[in-house]
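Structure first, commentary second.
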Number of protein chains: 2
Amino acid sequence: MEYNISDKLKNVHGSAIREIFDLLKRGNIISFAGGMPASVTLPEKQINAILQNIISKYGVIECLQYESTQGKALLLEQIKTFLLEYKSISAELQNMIVLAGGQQGIEFMCKAFLNKGDVVLVENPTYLSVLQIIQTYEGKAVGVHSGSEGLDIADLERKIKEHKPKFLYVVPTFSNPTGGTYSLENRQKIAEITAQHGVMILEDDPYSQIRFEGETVPPLKSFDKAGNVVYVASFSKIIAPSLRIAVAVADPAVIGRFVIAKQSTDVCAPSISQLVVAEFLKNNLTEHLKNIIPIYKEKRDQMVKCIEEYFPKSFIYDVPHGGMFVWGHFEGERDLLATFKEVVDLGVAYLPGSHFFPDGSGKNTMRLNFSNATLEQIEKGVKILGEYFNR
Amino acid sequence: MEYNISDKLKNVHGSAIREIFDLLKRGNIISFAGGMPASVTLPEKQINAILQNIISKYGVIECLQYESTQGKALLLEQIKTFLLEYKSISAELQNMIVLAGGQQGIEFMCKAFLNKGDVVLVENPTYLSVLQIIQTYEGKAVGVHSGSEGLDIADLERKIKEHKPKFLYVVPTFSNPTGGTYSLENRQKIAEITAQHGVMILEDDPYSQIRFEGETVPPLKSFDKAGNVVYVASFSKIIAPSLRIAVAVADPAVIGRFVIAKQSTDVCAPSISQLVVAEFLKNNLTEHLKNIIPIYKEKRDQMVKCIEEYFPKSFIYDVPHGGMFVWGHFEGERDLLATFKEVVDLGVAYLPGSHFFPDGSGKNTMRLNFSNATLEQIEKGVKILGEYFNR
């Protein structure tokens, strides 16, 4: 049978990251391609302890029956405390909805606001999955220039006027892929200009608790006076990805639309995951972060040291102050998309940076993930890459 | 701020069932409105036992790390056996994807096949959430007449020719809301006619294991020679809804599109839920079904006995051979949408049937769920309803 695929999906190809995952599963490859937390940082003992008593503590209905679409009140209460303590965000229950991972926030934002042909402004480069999701909604991603302080405000304003975008998607802290963090002043200006022009913001914040140095900068959401910021925090990187729990924080009118979107797909978040996150936020998170940040810092340091040692000097990059990625580019012309398979044959994988550019540019850029490999693998892998690029 | 909601969501109101759930949570109301399994049938002890050893048995990566979008191979292997044993369906791993509940299958089907304005044929009446999901894709649901043997084949063919639908959505066994089951011959004809016209089918099968009497009828999928049937089985009603695990079975080309749809929203199914379902299918399901079917049969019998005793004779209904619902209508004019709130004030809730009709007709119909109330509540609630309708 000939399948007559919708316009939304017929030209969308699988996420580059997921395809690379599948490729890398087959062989003995050192991968700097993904964005997975290190398995050693996953709180096996704490979650095992929570699971031992979860059904006896909460009972059959809380653990096994259908749940509210918005999420369990007892989880939302813990998230409220977390948001205030870690993010300087005041949220009431009516401002929140539990999501099946941060990505579902992007999906719901597109469903709630995009019509065919509508523009979403994104950082250039931006998280690659947001480009795919926008495509499945027949929208158009337009890149905004950015620098070491954050978005280029003049370019942002110009593109708001030119494209009348439905929303701006940003990862302001330890951005994926660049690892950069917007300054306080830049955040204030972004909040101000978008509010002034009635443009929504989707602020995606999966990494900000994984900070190695420098001062915490409050999220855009904390400057939101107009109600135009939808903020998403994920527990995938700081607790465990397999739980599939994140939260969106927004005006109740927006949460109402997200509730309808969630009713139409997965109905409610899995109860055991919700209870595990609630217990973990209450009893384990503070200590857990103290344990895992030094592990990631050591990996970041190792990767930076090895890049300095093995990579050609034509590789230009910034040292990230947190998160999971080193982002860089080679001076001059170099097609890192074309060299990817050769490098995989040598036993190492990076992520070609052009996947992150809405216009497919950035062929000389790459993203190197340091969170999932061991220190030895980082040394070995960066050395192989360095020798390859020095040829 | 004025929120400029997309055309997809701006006219969609929350699911009637979910709003009624919220209403009913407030008071001490006997509810025949929902579709929840009885809490006494939820396998608390078995799942508690599985959770005790899950992390030590499967390890940190299987339990807590990111998972394949298609689902865990070890779960898919168990589902393969389940499909063969219970459903007469032969499926290989490439034919399956794990979903976050059966509803996600409807969502992905719409995403993969619907463009704005496209028609989906549905039973008249049909599962109310499918109407909402089609609306969020700016599609149009058109009802096909049906009778006690299944769909009216002449009407199906007429509407295929007239509307060129993208797919037909059906719940052929213990249909929601009608409780009816399509005959073997009817299924064969539906498979034949849709294949002949190149129309896809979405076969939704959440209830067929909950059978009280009569012979098992194989699913439409078992007659699928053209590859036009997408089959969805859910574990919400036969294990536990809170796990949010279901499976779609289809041609690998369709599964590929569903994988892209899932990458764009929740990325992968929660691992602990996947492992619980895998263990339960392997060790517990057969015995569990033997335990819970008599509980549901007793409730069905009680509801039928009480309807006979208390309801006016103008209430016409069929006794369902399985599932969770009694569906009926009153002869003559009666607006059960209008009387709903009066009845809730008396302490009982039914589900007004007009929510299930794509054209909003069926004001004299209602769905009565018997799975979640106790025998005493069924007696008391049906008596109150009967006295009200006899006035």
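Predicted model only: the values in this text are computed from it and were never measured. Throughout, protein chains are lettered first and strands after them, A, B, ... in sequence-line order, and every chain is numbered starting at 1.
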*Interface moiety of A/V259 toward chain B, non-hydrogen atoms closer than 4.5 Å*: neither
*Under 6.0 Å from the CD1 atom of A/I61, do we count more than 12 heavy atoms belonging to anything else shown?*
no
*Taking every heavy-atom pair that is under 4.5 Å apart, which of B/D266, B/I245, B/N115, B/I133 has the most such pairs with chain A?*
B/N115
*Taking C-beta and beyond as the side chain, do A/L51 and B/I272 meet within less than 4.5 Å on heavy atoms?*
yes
*asked:* Working to the nearest 0.5 angstrom, can you tell me the gap between A/N53 CG and B/N48 CG?
replied: 8.5 Å
*Would you mind telling me which of A/C63, A/S39, A/G256, A/A226 has the largest number of heavy-atom pairs within less than 4.5 Å of chain B?*
A/S39
*With a 4.5 Å heavy-atom cut-off, do B/L64 and A/S242 have their side chains touching?*
yes
*A/A246, part contacting chain B, at a heavy-atom distance under 4.5 Å*: neither
_Greatest number of heavy atom pairs closer than 4.5 Å to chain A - which of B/A253, B/G101, B/G227_ = B/G227
*Heavy-atom pair count under 4.5 Å with chain B, highest-scoring of A/K111, A/Q104, A/E62*: A/K111
_Can you give me the closest heavy-atom contact between B/V60 and A/L42, atom names plus distance?_
CG2-CB, 3.8 Å
_Heavy-atom contact with chain B under 4.5 Å, split by part of A/I47_ = both
*Answer yes or no: is there a side-chain heavy-atom contact under 4.5 Å between B/D251 and A/M1?*
no
*So which of A/A112, A/A240, A/S236 has the largest heavy-atom pair count under 4.5 angstrom toward chain B?*
A/A112
*Check: B/Q103 and A/S264 side chains under 4.5 Å, non-hydrogen atoms*: no
*So A/N4 and B/M200, side-chain contact (heavy atoms from CB on, under 4.5 Å) or not? Walk me through it.*
CA-CA 10 Å; A/N4 192 2; B/M200 301 288 293; over 6 Å; no
*Proximity breakdown for B/S273 and chain A, heavy-atom pairs closer than 4.5 Å*: side chain
*Among B/E44, B/Q65, B/E138, who wins on heavy-atom pairs under 4.5 Å with chain A?*
B/Q65
*Residue A/K225 versus chain B: region with a heavy atom under 4.5 Å*: neither
_side-chain contact (heavy atoms from CB on, under 4.5 Å) evaluation trace for A/V12 with B/Q263_ = CA-CA 11 Å; A/V12 181; B/Q263 279 171 358; over 6 Å; no
*Using atom types as modelled and distance alone, determine if a side-chain donor or acceptor of A/R257 lies under 3.5 Å from a backbone N or O of B/L9.*
yes
*What's the verdict on side-chain contact (heavy atoms from CB on, under 4.5 Å) for A/R244 and B/Y66, showing C-alpha distance, side-chain angles and the deciding distance?*
CA-CA 9 Å; A/R244 311 308 306 129; B/Y66 278 108; 3.8 Å; yes
*asked:* Any heavy-atom pair between the side chains of A/Y137 and B/K8 that's under 4.5 Å?
replied: yes
*Do the non-hydrogen side-chain atoms of B/I260 and A/Q132 ever get within less than 4.5 Å of each other?*
yes
